[in-house]
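Labels below follow one simple rule: chain letters A, B, ... track the order of the sequence lines, proteins then strands, and each chain is numbered from 1. These values consider heavy atoms only, across backbone and side chains, with no hydrogens, waters or symmetry-generated copies. These numbers come from a predicted model, not from an experiment.
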Amino acid sequence: MTAVDARVDLGTTRHGSGAIVREMVARNLRGIRRQPATFVPTLIMPVFFVITFSGAYGFAGRAFGNGNAMSWYAPMAIIQGASFAGMTMGLSTARDFESGFFDRFLLAPMSRATLLGGAIAAALVRALVTTLVVLVVAMIGGVAIPGGALGIATLVLSALGIAVVAALWALGLVYRVQNTNVGPLIQVGIFMAIFLSTAQVPISAMSGWLPGVARINPMTNVLRLARAGFVPDELNPPSGFGVGWAEMWPGLLALGATIAVLAVFALRGMRRLTP
Amino acid sequence: MTATVAADVVVNRPSPVRQSLLLSRRAVFAVLRQPQVLVPSIFFPLFFAALNAAAFDRITSEQPVFAAQFDSFLDFLLPATVLQGVLFGSTQAGTEMANDIENGFFDRLLASPVSRTSILVGRLAGGAVLGAVQALFFTAVLVVFGARIDGGVGAVAVLVVCAALLGVGIGGFGVMLGIRTGSSEAVQGAFPLIFVLMFTSSAFFPRELMTGWYRTVATYNPISWILEALRDLISIGWSFRDAAVAIAVSAAVAVLAIALSLRALRRRLAVAA
C-alpha cells in the first residue's frame, strides 16, 4: 500500500486553502442565520449613527467642508460598521474556544495561516454587507458624493481595510485570552482608535487635547481616504474637488502599516496555541 | 420529629425584606467580582464625555441658543454621562438574570423558600445601588475637570435619585428580557436598542439645534424630559419643578419596568408549574 493510498483510506485528504477559507466563511454566514442577534446590531448601529449624527449636527454643516453633514458622517459610520465586522469575528472565535470547537480546528489538517485567513475573509464579507447597506441608507438620506464612483471605491477599500485591522486586533487578543471576557478590551481598543481621530468633527473644529491626538492617529488618514470622494480634504485641500493621490496615499500607508503590525500580533498569538 | 424540623425551617426563614437585601448584595458583588463588566460602564461614559467635550465644544458654543444656557459642553454632558453609565451598568442585571437561568441557579432559587418577588427586587435593588454610586462618581470626576453645578447639592441629590430609579428601570427591562428568553446573548443583543433610545433623545445633542423629524422624536422621548430637567437644575439652578419632572419621569420608567418584569416572572413560573 502506498503512502497516498493510506491517506485516502484514513479519510484525511487535505483540501486546498481556498476551499477551507470558503467553508469557514459559509459557516460564519450560517451562524448569522442561526443567531441574528450577533449580527443585526452591528448592522443597525452604523445606520443609526448616520441618521442621528447627521440629524443632530446638520446645523453645523459648513464646519464639515461641503455643507452636508451626512457626507461627513456616512463614511465614519461605514468605517465603524466595518470595525464591528472584524470585532464580531474575534468574539465568534472566542465562543469557538469556549465551546471547544476551536480545538477541532487545530486538530484539522490545515495550516494555521489558513485558519486566520478564513476568519479575516468572513470579516470582509460581513463588512461588505454593512458598507453597502449603510451606503444605500445614506444615498436615500441625500448624501452628496462629488467624487463619484472613485470616491465610493476608496470608501469601500478603507472599510475593508479597517475590517481586516479590527479582525487582526480582535483575533490576536482572542488567541491569547481564549474566552469572551476579552470582549471589552477589543471594544476599547477599536473605539479609541476610531473616536480619537476626525471621526466626529474635523481637526479645525476640535479644541483642547483632541486635535494633537487626532493628528498623530493613523485612523485620521484612513478617514481622509474614506471621505476623499465625499468632502474636500481638510489637511491638503485640493484646488478643485476630486479624489487625488495626495489624499489617498497617507490612508493607504496607514492601513498597510497597521495591517502588517497587527498581522504579526495575531500570528504570534496563534503560534502560542500549538506546542 | 418531622414536625420539629419543619418548625425550625419556618423559624429560620428570613423575612422577604432580608431576602431581598441578601439577593441585592449578591447582585452588587457579582458585578464587583467581574472588573471586565465594570469597564464599559465606567470607562466608556468618561471617555465619551472627554471626547465629545473636546470635539463639540467649539461648534456648539458658536450657537447663541446653546451659549446662553451652558458655560461649556461638559456642563451639558454631565447628566448624559451619568445616564450612559447607568445604561451600560443596568444591562448587566438582565444578563446576570439570564446567566442564573442558564446555569440553573434560578431553579435552585425557585426550589428554595425564597419569596418570588424577592428574586426580582433583589436583582433590581442591586441595579439601583450601582446606579447611585455611578452618578456620584461621574459627577465628582466631571466637576474635577471643570463642570459647574449651579443647582448645588440639591441638584446632585436629584441626579443620584434619578440614576438609582433608572438603574431599576433599565435593569428591569433587561431582567424582563432575561426572564423571557433565558439567554444572556439575547439580552446583550437588545442592548443597542437602549442606545437607540438614548441617541434619539437630547442626550448628546442640544434639542434646540435639531431640525425636522429628528427633533420631533427627541421631543417625545422621555429620556429627553429627564435629561433636560436635570440640565436645567445643573446649569440654571435649583427648581422644584425641574426636580419633580426628573424624578417623576424616572420613577414612571422604573414602575413600568418592574410591572413588565413581574409579568414575565409570573409567566415563567406558570410555565414551570
Student: Would you name the heavy atoms of B:Ala50 and A:Trp209 that are closest together and state the gap between them?
Tutor: O-CZ2, 3.5 Å

Student: Indicate yes or no: at least one non-hydrogen side-chain atom of A:Val201 is less than 4.5 angstrom from one of B:Arg58.
Tutor: no

Student: Counting heavy atoms not belonging to B:Phe145, are there more than 12 under 6.0 Å from its CZ?
Tutor: no

Student: Residue by residue, which of residues 185-196 of chain A have a heavy atom closer than 4.5 Å to a heavy atom belonging to chain B?
Tutor: A:Gln187, A:Val188, A:Phe191, A:Met192, A:Phe195, A:Leu196

Student: Please classify the contact between B:Ser202 and chain A as side chain, backbone, both or neither, with a heavy-atom cut-off of under 4.5 Å.
Tutor: neither

Student: Examine whether an atom of B:Glu62 lies under 4.5 Å from a heavy atom of chain A, and if so say whether it belongs to the side chain, the backbone or both; otherwise answer neither.
Tutor: neither

Student: Can you measure from CD1 (A:Ile51) to CZ (B:Phe199) and round to the nearest 0.5 angstrom?
Tutor: 13.0 Å

Student: Extract all donor-acceptor atom pairs below 3.5 Å that involve side chains of residues 79-91 of chain A and protein atoms in other chains or at least two apart in sequence.
Tutor:
from, atom 1, to, atom 2, distance (Å)
A:Ser83, OG, A:Gln80, O, 2.6
A:Thr88, OG1, A:Phe84, O, 2.4

Student: Measure B:Phe43 against the heavy atoms of chain A and call it side chain, backbone, both or neither at under 4.5 Å.
Tutor: side chain

Student: Counting only non-hydrogen atoms closer than 4.5 Å, does B:Ala53 touch chain A with its backbone (N, CA, C, O), its side chain (CB onward), both, or neither?
Tutor: backbone

Student: Heavy-atom pairs under 4.5 Å with chain B - which of A:Ala214, A:Ser207, A:Gly208 has more of them than the others?
Tutor: A:Ser207

Student: For atom CZ of B:Arg148, is the number of surrounding heavy atoms from other residues, nucleotides or ligands below 6.0 Å larger than 12?
Tutor: no

Student: Side chain from CB out, backbone as N, CA, C, O: work out which of these in B:Phe44 comes under 4.5 Å of a heavy atom of chain A, or both, or neither.
Tutor: side chain

